[in-house]
Amino acid sequence: MTGNEIATKPFDDQRPGTSGLRKKVHVFRQPHYLENFVQSVFDVLDGHEGATLVVGGDGRYFNREAIQTIVRMAAANGIGRLLVGRGGLMSTPAVSCVIRKHKAFGGLILSASHNPGGPEGDFGVKYNTANGGPAPETITEAIYQRSRRITQYRITDTPDIDLDTEGTVHVDNLEVRIIDPVSDYAELMEHLFDFERIRTLIEIGSFNMRFDALHAITGPYAHEILEHRLGALPGTVLNGTPLEDFGGGHPDPNLVYAHDLVEQMFGSRAPDFGAASDGDGDRNMILGRRFFVTPSDSLAVLAANAHLVPGYRMGLTGIARSMPTSQAADRVAEQLGIDCYETPTGWKFFGNLLDAHKVTLCGEESFGTGSDHVREKDGLWAVLFWLNLLAVRKESVEQIVRAHWRRFGRNYYSRHDYEQVAADPAGQLIQTLRDRLPELQGRRIGEREVAFADDFSYTDPIDGSVAEQQGIRVGFKDGSRIVFRLSGTGTEGATLRVYLERYERDPEQLDLDAQSALAGLISAAEELARIRHYTGRDRPTVIT
Ligand code: VG1
Ligand code: CO
């Protein structure tokens, strides 16, 4: 072991949330804060000495500084080799891809995903394991427990390395390879999708598309894949240069935050296809001309059409969706005669199912879709999947989705977020619901009768691990559903998420506006949870 041992004291707030440890930048910049967490990761990993780790981030403020610290700590902790994305950049799905392809021991991803960046914004660190996926809760909990007892960390006092030149350098005994962050990932995409066919669609000239990278990590990937390899016109990629503060924006691909794209897609002379991704490149929003595809519908459409895409020609072994995601995918699974799994929120819960080949496609309502090609959700992958479908089916996005509804029925769906509300009352809202669960069954709320009410708990079918208190579910006799949960990714106060869903089979009723179609459930949610009372808000911050 080389390097200095630095004495430190534990911080008490280093428990990873839904997706890694996320805090304000100023919290991460406190002396020893990042170091304590990284050392806690190294301390709980068995067999990391001499191993290969992948390191990359979404380019947000503090990314470079954090990588230099990780390099010095890796050297002092006896790591054998680091694969680092050039410029310190690598999207979350690309890190997953590189871990798998190079058979690395694991990886560190520096990102707070869709949270804003910059000196006043957020930063985050996440550890992924050898399968390329987010560490399961047994590991994140061990990291947290370690962080509460840490007394020292190891670090060299070597100078910063050059992150911008590809090649190999040594820091003491550690080998650091600076690699192109895009090429391994782009190669995997070429393998999964029919690039020839997509190129033809794009080159006919009548097909017009936009991809909004929101000044986050997917810019370089989209330029290379969409413009260079698939021949889309320059200008197809909007906001394609990663910026440390994402240009002051909120790198969250939804109808509110991806406003440049939404304006174009709903304007006159709108393009045929529009998409956006988030800070770290794992989310996607899909739009047709003046048409929004909900992420839950997107998952269902991809599943129903997967056989049209080379990488999934052999069919799907199963589908998994997070609990609050709409049940549209379940209907497809049923028709295909395959299993559909319902997991807690967060991609880490899909890992075991994917590793055991129980499922091929996974999705979350929060603009996350992915498959067994990596162990993360994957924004550009979803975009390419849709492009491949458009090329094969020769229909518009809207036509494909409407045909899907006619065949399977429509799951009207919406999520209402109350962001940055006071944490204590938000906790009380959930606790009050939890306490009332036993008396809810059979009660009438508005015009509906409650069929079941519970606090979702999940037993992993592979390793038997149990995750409890994953969201309050209230199901009604007509099959509609309301879910309440608190976000595990925020860094300020609490965020209440209310998920609303109702199924419609009547062919005459497939064309309603989602908010009106869900109006009864929206007022039922208020009646059940007294949202106004507990949040002090009379409307949600974001509706998707
Ligand atoms: C949110 C989403 C969840 C997603 C998680 C990480 O978590 O709801 O579906 O897996 O973000 O996505 P929460 O706990 O805030 O609801 V990402 O792109 O921020 O890594
Ligand atoms: Co993300």
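Just so you know, ligand 1 is whichever comes first in the structure, and atom 1 is the first atom listed for that ligand.
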>> Checking Arg86 against Asp180 for the salt bridge (Lys or Arg N to Asp or Glu O under 4.0 Å) test, could you report, in this order, the C-alpha distance in whole Å, the side-chain angles of both residues, the deciding distance, and whether it holds?
In response: CA-CA 6 Å; Arg86 191 183 57 244; Asp180 172 15; 3.7 Å; yes

>> Working note: Lys23 + Gln14, criterion side-chain contact (heavy atoms from CB on, under 4.5 Å); need CA distance, chi angles, decisive distance, verdict.
In response: CA-CA 9 Å; Lys23 299 287 172 194; Gln14 298 197 323; over 6 Å; no

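Of all atoms in ligand 1, numbered sequentially from 1 with element shown, those under 4.0 Å from a heavy atom of Arg497 are 8 (O), 13 (P), 15 (O), 16 (O). In the vicinity of Thr345, heavy-atom distances shorter than 4.0 Å reach the ligand 1 atoms 3 (C), 8 (O), 9 (O). Those atoms of ligand 1 that come under 4.0 Å of a heavy atom in Asp282, given as number and element, are 18 (O), 20 (O). Close approach of ligand 1 to Asp278 is summarised as follows: ligand atoms under 4.0 Å from at least one heavy atom of the residue are 18 (O). Within ligand 1, counting atoms from 1 as listed, the ones closer than 4.0 Å to a heavy atom of Ser19 are 6 (C), 20 (O).
For Glu120, the CD atom counts as loosely surrounded, since its 6.0 Å shell holds 12 or fewer non-hydrogen atoms of other residues, nucleotides or ligands.
Draw a line from the Co ion (ligand 2) to OD1 of Asp282 and another to OD2 of Asp278, and the angle between them is 90° (to 10°). The Co ion (ligand 2) forms the vertex of an angle spanning OG of Ser113 and OD1 of Asp280; to the nearest 10 degrees it equals 90°.
Of all protein heavy atoms, the one lying nearest to atom 1 (C) of ligand 1 is Arg283 NH2, 3.6 Å. Looking only at protein heavy atoms, the nearest one to atom 20 (O) of ligand 1 is Arg22 NH2, 3.0 Å. In terms of protein heavy atoms, atom 10 (O) of ligand 1 is closest to Glu364 OE1, 2.7 Å. Among all protein heavy atoms, the one lying closest to atom 12 (O) of ligand 1 is Lys377 NZ, 2.8 Å. Ranking the protein heavy atoms by distance from atom 7 (O) of ligand 1 puts Thr489 CG2, 3.5 Å first.
Using 4.0 Å as the threshold, Arg415 has a heavy atom nearer than that to some atom of ligand 1. Using a non-hydrogen distance threshold of 4.0 Å, Lys126 does not register as a contact of ligand 1. Close to ligand 1: Gly346, with a non-hydrogen atom less than 4.0 angstrom away.
Across all their heavy atoms, Val84 and Met90 have their closest contact at C-CE, 4.3 Å. Between Gly346 and Thr18 the shortest heavy-atom distance is CA-CG2, 3.8 Å.
A salt bridge is defined here as a Lys NZ or Arg NE, NH1 or NH2 lying under 4.0 Å from an Asp or Glu carboxylate O, and Arg375 with Asp355 meets this definition.
Under the 3.5 Å distance criterion, with hydrogens and angles disregarded, no donor-acceptor pair is assigned to the side chains of Asp372 and His357. If you check the side chains of Arg283 and His114, you find a donor sitting under 3.5 Å from an acceptor.
When Ser366, Ser487, Pro324, Ser113 are ranked by how near their heavy atoms come to atom 2 (C) of ligand 1, first place goes to Ser366.
Between Phe28 and Phe62, the two ring planes are tilted [angle within 30° to 60°]. The aromatic rings of Tyr499 and Tyr413 are tilted relative to each other, their planes meeting at an angle between 30° and 60°.
Considering backbone and side-chain N/O of Gly488, one or more are found under 3.5 Å from N/O of ligand 1.
Among the candidates Val41, Leu34, Ile109, the single residue satisfying the side chain to side chain contact (heavy atoms under 4.5 Å, CB included) test with Val125 is Leu34.
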